[in-house]
Amino acid sequence: MTTAGPLERFSSQLEDLELHVVGRVLALSSLVGVVAGLGAIVFQTMCQVTQHFLLGTLVGYSQPGPPGEHALFGASTTALRPWLLPLVPAVGGLVTGIIVQRFAPEAAGHGTDEAVESFHRRGGIIRGRIPFVKSIASAITLGSGGSGGREGPIAQIGAGFGSFLATRLGLSESSRRVLLAAGVGAGVGSIFRAPLAGALFAAEVLYSDPEFESDVIIPAALSSIIAYCVFSLKFGFGSLFATPHFSFHSAFELVPYTVLAVVVALAAGLFVRLFYGVHEFSRRLPVPPIWRPALGGLATGSLALAAYAVSRDVRVLDVLAFGYGSIQQALDGHLPILLLLGLAVGKMLTTSFSIGSGGSGGVFGPSMVIGGTLGGAIGMLAHQVMPQIVTQPGAFVAVGMAGFFAAAANTPISTLVMVSEMTGNYELLLPALWVCAVAYLVGRRWTLYRSQVPSRLHSPAHWAALREWVLGSFRAGEVMETRAVATVPPNAPLADVVRTMSRSRQSCLPVVDDEGHVTGTISSGQIQELLDRHPGRLPLIAHDLAMPPQIVAPGDGLDLALARLDAGDMDELPVVESNGGDKIVGMLSRRTILATYTRRGLERGRSGASTTTNPRVPPS
């Protein structure tokens, strides 16, 4: 038998590397990155031009930016005209409303949520006109003084091109979703000079639970690096903000940092409620949709005018547009506590008015301002109380930025990295990680991105693969919980149903007749919705509340169980001796199915198999 030589062995190893797949991923991801980087340059230029002429030349207000911004224009020489502050954002909002409603209503709002929705529920498809309409509308909204950020529009530019490219090349639906997400990462990584965070953000923002879309990370990393380099060729390399030499030097600092985490998490919850409260209120206004952003702009400008009239301090006008200059001043310790708190509350309101009313722009930028100013205020207060421990109150600005958005968007890891890259300071990773983790745990009940789903199990994008590759190979009887199951008879009054549900650990309450047959199921969501609508006593019994029974037998596959959970919009269902509805032998939950899927994925990974039917950007 002939022994293979070195060249033959090397050739065999090259074949094992699947270079055609590597080349495809590298080429497509890089192309998305180039377009996203160029799109970021164009959008940044559009924003600076509109802001210079509308706010600077017309109103006489030149908003300061961070050192890494590389402004294209100098400060305006026009004297401040405060009376124009309500008018210019209102006119900008009207123009935005006309453009959006005429060409692409989906371009309203903060953009990133639209990309998340497309990933999960639309097969990664974004209409080709969306990035163009979003860019123009956002530049007008932000340039005229509307409060918002740049990440939403540029994320849609990258995502839109990724979707377009996959469609034109005839790639699979899974490939289109991956390239869409890679475009999101490229846009965010370039515009904020944070390529690593852009890649992690694209994979993390899809889910509200601590989970990453693993197939996205490598393509998003490649596209984010290319986009960052392209963008930086025009606007310069380096971080967005300049920070002093912050450090973490005492374990006792975790006490005020914990206070900071709770404060920013609760503030994030307030911001989310306020943002969507304004959104729902504006939708109910008896005016045409094109006027809603104009009313939001009017409210934004009026708030800025009122704040300036009361304080006579031009720095309060950072509640308009981007407001990144206030972060830099807070990092340098140049803003007093009352102004910091005022900017935080004002930015919540103006962003809700500007974007929640139907204007166009992102929410990440305003979140950085809100979190940073709140962090600065907490840091200065902590410094006054414990000066020996809190020696650098400015460090709380950077950590507050991370904690606030971690709680507002359920993205603790990518936000932690993003703030580190934006500030160029990695000395605060430990306290920032602590604050992001605590803030996420406190604030995981709310999110700015309503299109997020809890996990891969809840994403329609993965349902078919889950059922085909994993769930069908497991039986319900193998993984069900066999603990004692709480049940109620059909004639149980509503009070008994509520009492039994609250005392059990179940989210589903089977209704069982005298012969032991399951005649229906009642979910905790039903009960909660009923009590919210009718807080008083209702003459209802379990039979009135029960839905048709969603049950499985021990021999049924987990794919069938998941289908029945979806059909009943439930998180748990009973397992019975047979599908005829005989004696209950256990309960089966979504969480158990997810744990089974994860365990099988790990087993397949250890055995060298893939948990997905496609490589990261698979051949068509």
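Throughout, residue positions are numbered sequentially from 1 according to the sequence presented. Note that the structure is predicted; figures quoted are calculated from it, not measured.
Taking both residues in full, the closest heavy atoms of Pro393 and Met380 are given as CB-N, 3.8 Å, listed atom of the first, atom of the second, then distance. When every heavy atom of Ala137 is checked against every heavy atom of Val100, the shortest pair comes out as CB-CG2, 3.7 Å. When every heavy atom of Leu303 is checked against every heavy atom of Thr350, the shortest pair comes out as CD2-CG2, 3.5 Å. Taking each heavy atom of Ser360 and Leu142 in turn, the nearest pair found is O-CG, 4.4 Å. Scanning all heavy atoms of the two residues, the minimum distance from Leu180 to Ser118 falls at CD1-OG, 3.5 Å.
Under the 4.5 Å side-chain criterion, counting only non-hydrogen atoms from C-beta, Ser208 is not in contact with Thr447. Looking at heavy atoms from C-beta onward, Phe396 lies in side-chain contact with Val390 at the 4.5 angstrom threshold. Under the 4.5 Å side-chain criterion, counting only non-hydrogen atoms from C-beta, Phe364 is in contact with Met418.
Under the 6.0 Å distance and 45° angle rule, Arg150 counts as a cation-pi partner of Phe322.
Ser282 places a side-chain N or O within donor-acceptor distance of the main-chain N or O of His279, the cut-off being under 3.5 Å. Using modelled atom types, one side-chain atom of Glu421 and one backbone atom of Ala197 make a donor-acceptor pair closer than 3.5 Å. Remark: side-chain polar atoms of Glu117 are not paired, donor with acceptor, to backbone N or O of Arg450 under 3.5 angstrom. A side-chain donor-acceptor contact under 3.5 Å links Thr50 to the backbone of Ala139.
In this structure, Tyr207 has its ring center no closer than 6.0 Å to that of Phe212.
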Quick one, Ser147 with Val369, criterion side-chain contact (heavy atoms from CB on, under 4.5 Å). Give me CA distance, side-chain angles, the key distance, then yes/no. CA-CA 11 Å; Ser147 175; Val369 177; over 6 Å; no
Could you walk me through whether Phe248 and Glu427 satisfy the side-chain contact (heavy atoms from CB on, under 4.5 Å) test, starting with their C-alpha distance in whole Å, then the side-chain angles of each, then the deciding distance to 0.1 Å, before giving a yes or no? CA-CA 7 Å; Phe248 178 76; Glu427 297 293 329; over 6 Å; no
Under the side-chain hydrogen bond (donor to acceptor under 3.5 Å, both in side chains) rule, what do Ser354 and Thr300 come out as? Steps first, then yes or no, please. CA-CA 6 Å; Ser354 300; Thr300 295; 2.8 Å; yes
Go through it in stages, so that I can follow the logic: the residues are Trp446 and Tyr276, the test is side-chain contact (heavy atoms from CB on, under 4.5 Å), and I'd like the CA-CA distance, side-chain angles, deciding distance and then a yes or no. CA-CA 11 Å; Trp446 47 73; Tyr276 284 107; over 6 Å; no
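Open room surrounds CZ on Phe252; 12 or fewer heavy atoms of other groups in view lie less than 6.0 Å from it. Residue-environment remark: CZ (Phe281) stays at or below the threshold of 12 foreign heavy atoms within 6.0 Å.
No hydrogens or angles considered: a donor-acceptor pair under 3.5 Å links the side chains of Gln63 and Gln51. There is a side-chain donor-acceptor pair under 3.5 Å between Thr141 and Thr96.
The side chain to side chain contact (heavy atoms under 4.5 Å, CB included) test applied to Leu84 returns Leu58, Val59, Arg81, Leu87, Val88, not counting sequence neighbours. Judged as a side chain to side chain contact (heavy atoms under 4.5 Å, CB included), and not counting sequence neighbours, the contacts of Leu428 are Phe246, Tyr257, Ala395, Ala398, Val399, Asn425, Pro431.
In summary, Lys347 and Asp318 do not engage in a salt bridge, as defined by a charged side-chain N under 4.0 Å from a carboxylate O.
For the atom pair Leu335 CG and Ile327 CD1, the distance stands at 11.0 Å (nearest 0.5 Å).
Phe271 and Phe404 have tilted rings, their planes meeting at an angle from 30° to 60° on a 0 to 90° scale.
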